[in-house]
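See below for the structure under consideration.
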There are 2 protein chains.
Amino acid sequence: MNTLAEENYLKSIYHLSVNATSVSTNQLAALLNTKASSVTDMLKKLAEKELINYTPYQGVSLTATGEKIAVNIIRKHRLWEYFLVEKLDFKWDQVHEMAEELEHISSNELIDRLDKFMEYPKFDPHGDPIPDCNGLFKIHNLKPVSSIGINEGGVICGVRDHSKAYLQYLEKQSLTIGKKVTVAEIIEFDHSMILQTEDKTIQISRDVANNLLIAL
Amino acid sequence: MNTLAEENYLKSIYHLSVNATSVSTNQLAALLNTKASSVTDMLKKLAEKELINYTPYQGVSLTATGEKIAVNIIRKHRLWEYFLVEKLDFKWDQVHEMAEELEHISSNELIDRLDKFMEYPKFDPHGDPIPDCNGLFKIHNLKPVSSIGINEGGVICGVRDHSKAYLQYLEKQSLTIGKKVTVAEIIEFDHSMILQTEDKTIQISRDVANNLLIAL
DNA sequence: TAATAAATTTAGACCTGTCTAAATTTATTG
DNA sequence: CAATAAATTTAGACAGGTCTAAATTTATTA
């Protein structure tokens, strides 16, 4: 099918495309921890295979085929993450690297059966939607906690930062998926916020609030 | 750690070592579907890493380190096969290719947790022993059905041929792991055998009998 | 044991995916 | 709008793993 490197490029282009119509060579190089010249080389190959639309100096976007492949990799990644957390009891900050490997296991039958085994979960351990076997998924309309006002609140449903450090911090503060939070106070000086949950009051920085997503 | 190719070489050397003290370049080339010259190149690399004992023209054997790595890959392979059959309902003839990919997922913590999740199975779906997290496993003392006499019998506990065709044939004849069989008759002409199971009588060729392993 | 056959290794090439350094294109700004 | 900066691409190289063809070593056998 496609090589590991190709799959990672498609996945990265997909992720970067969420906030833009076109993705730049440098953006990809940064995300993939490689050099711009390497990216250019690979873009030519992917364009040759008609998985991306590529015009030199003008950035890239996925073709329909390329997007389908990317979404399938993301489906695999998220289903494996769900498996690791729900069945093997890993913590949400431990599963990313393993899923980065597992997402490249080729069999679709395997992933569809895994999906069934887990009873078709709709969201992964970080709150990201899991595409179904046709590549379809709902886009949750979430807001960062930093965007809401005093006495407003909602249920934690996702994160924007998936780093180990951030996830571990949230875990320690019990700010995990499903928790209901309300903004009790906003400190004007640094925009830090005081959150009220069912069992305690927690102060978080603007940075933390910015990456914590809730449904109203 | 080690590359995919290196892991496959170590695994192949291990398997070929079961019936010999030393493994030849050509044996490896045949098993790995590659050319002898490619094997030689890789053997140099593995020797450099001290994973094998290699003297040009004299064949190879695994070092203690190399064997440890090989056994770990086999452990992963067999645990994943067990998972695919027992949890995802695949048939025993469907899992080999998937396990060939899954065995290279690097995390040992993952495989140890998978082991626990399945309650530490001792044999994979083909009856092969699964090494524990220390690399230890019991060698079942099995005999091919072809080696026993009339009115003797035992319980099917393994196969020597792991090919899809062979496994599918056995499945169709209900000659699967755990079945009790007795030799009712041996046809002198071609050494085919008539087996008696609990619910039926089955005639199998010498070839089939040779690859079917039972515990007395 | 000399000649031949089989097995193995070496030499040189290729492909993938990467890199550095240099060249080119596009964007920015005085 | 010309000069500079930033982004991108090209050129040429390299490492891993493979290949074919040729050379070498070991095994076989007449």
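The sequence lines fix the lettering, A, B, ..., with proteins before strands; numbering per chain opens at 1.
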Would you say D:dG16 has OP1 or OP2 under 4.0 Å from some side-chain N or O of B:Tyr9?
no

Taking only side-chain N and O atoms of B:Asn26, does any of them lie within less than 4.0 angstrom of OP1 or OP2 on C:dT8?
yes

Salt bridge or not for [X] and [Y], using N-O below 4.0 Å?
| X | Y | answer |
| --- | --- | --- |
| A:Arg78 | A:Glu103 | no |
| A:Arg75 | A:Asp132 | no |
| A:Lys11 | A:Glu100 | yes |
| B:Lys44 | B:Glu48 | no |

For [X] and [N], give me the distance from atom [atom1] to atom [atom2], rounded to whole Å.
| X | N | atom1 | atom2 | result |
| --- | --- | --- | --- | --- |
| B:Leu10 | D:dG17 | CG | C1' | 15 Å |
| A:Leu28 | D:dA7 | CG | C1' | 13 Å |
| B:Asp41 | D:dG17 | CG | P | 10 Å |
| B:Lys45 | C:dT10 | NZ | P | 14 Å |
| B:Gln58 | D:dA27 | CD | P | 7 Å |
| A:Asn33 | C:dG17 | CG | P | 18 Å |
| A:Tyr57 | D:dA5 | OH | C1' | 15 Å |
| A:Glu48 | C:dT16 | CD | P | 11 Å |

Among the nucleotides [options], which one has an atom lying closest to any side-chain atom of [X]?
| X | options | value |
| --- | --- | --- |
| B:Ser38 | D:dC19, D:dT8, D:dG17 | D:dC19 |
| B:Lys44 | C:dT10, D:dT9, C:dT18 | C:dT10 |
| B:Thr34 | D:dG17, D:dC19, C:dT24 | D:dC19 |
| A:Ser24 | D:dT8, C:dT16, C:dT10 | D:dT8 |
| B:Met42 | D:dG17, C:dT16, D:dT9 | D:dG17 |
| B:Lys35 | D:dT20, D:dT18, D:dT9 | D:dT20 |

Taking any heavy-atom pair under 4.0 Å as a contact, classify A:Thr40: base, sugar-phosphate, or nothing.
base

Examine the base of C:dT8 for any acceptor or donor lying under 3.5 Å from a partner atom in the side chain of B:Ser37, and report the outcome as yes or no.
no

Name the pairing partner of D:dA13, where a pair is Watson-Crick or G-U wobble with both distances under 3.5 Å, or state none.
C:dT18

On DNA chain C, more 5' by nearest nucleotide between A:Thr3 and B:Gln27 is B:Gln27

Are the aromatic ring centres of A:Phe83 and B:Phe83 under 6.0 angstrom apart?
yes

